[in-house]
Amino acid sequence: MVDQALIDEIDVISISFGNNEELAFPNSTLSMAADSAVEAGIVVVASAGNDGAYGPISSPACARNVICVGATDDFDNHGRKAITFSVPD
């Protein structure tokens with residue numbers, strides 16, 4: 001993943017994977033690849049999960065250096081906190 005992203009001069013990788021609890025840890029292969037991309041200067045954004053269930057944050061979102069994002073529905077289901085980001089003009 002990282003080698004090809006560097007060849008293609010990618011600035012941002014956005015990943016939306018859901019997986020089971022057994023793979024939700026920072027030392028998984030996917031988490032470590034995402035951290036390697038960040039160390040190479042690529043911004044990595046990953047979904048906290050992708051199956052709508054409560055549980056641990058999925059890999060690679062639980063990696064040490066990625067930006068983890070989540071969402072809620074119109075009724076605020078599955079979200080306990082909201083974070084708003086602003087980007088200056």
Side-chain angles (χ1 to χ4, degrees):
M1 171 173 85
V2 178
D3 293 336
Q4 189 62 48
L6 290 171
I7 291 168
D8 293 338
E9 299 180 9
I10 300 298
D11 296 316
V12 177
I13 296 173
S14 177
I15 305 171
S16 181
F17 290 135
N19 58 44
N20 62 34
E21 293 180 23
E22 296 171 14
L23 299 175
F25 62 98
N27 292 328
S28 71
T29 302
L30 188 55
S31 291
M32 292 175 65
D35 280 338
S36 293
V38 173
E39 290 168 11
I42 300 169
V43 174
V44 179
V45 180
S47 63
N50 207 30
D51 60 2
Y54 288 103
I57 295 174
S58 295
S59 176
C62 63
R64 291 170 180 86
N65 298 310
V66 305
I67 299 169
C68 175
V69 296
T72 62
D73 65 12
D74 290 340
F75 303 102
D76 241 2
N77 291 319
H78 303 294
R80 294 192 176 106
K81 295 182 180 180
I83 300 171
T84 302
F85 293 94
S86 299
V87 178
D89 292 333

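Just so you know, residue 1 is the first one in the sequence shown, and it goes up from there.
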From S58 atom OG to I15 atom CD1, the distance as rounded to the nearest 0.5 Å | 12.0 Å
If every non-hydrogen atom of S16 is compared with every non-hydrogen atom of S47, which pair is closest and at what distance?
-> CA-OG, 3.3 Å
same_hphob_cluster(V66, L6) at 4.5 Å side-chain heavy-atom cutoff | yes
Do any N or O atoms from the side chain of S31 and from the backbone of F25 form a donor-acceptor pair under 3.5 angstrom?
-> yes
What closest approach, in Å, do P26 and M32 show between heavy atoms, and which atom pair accounts for it?
-> O-CG, 3.9 Å
Heavy atoms, side chains only, cut-off 4.5 Å: are V44 and D35 in contact?
-> no
Non-neighbouring partners of D11 that pass side chain to side chain contact (heavy atoms under 4.5 Å, CB included), sequence neighbours left out | none
Less than 4.5 Å apart, any side-chain heavy atom of I57 and any of C68?
-> yes
Interatomic distance, I13 atom CD1 to I42 atom CD1 [nearest 0.5 angstrom] = 4.5 Å
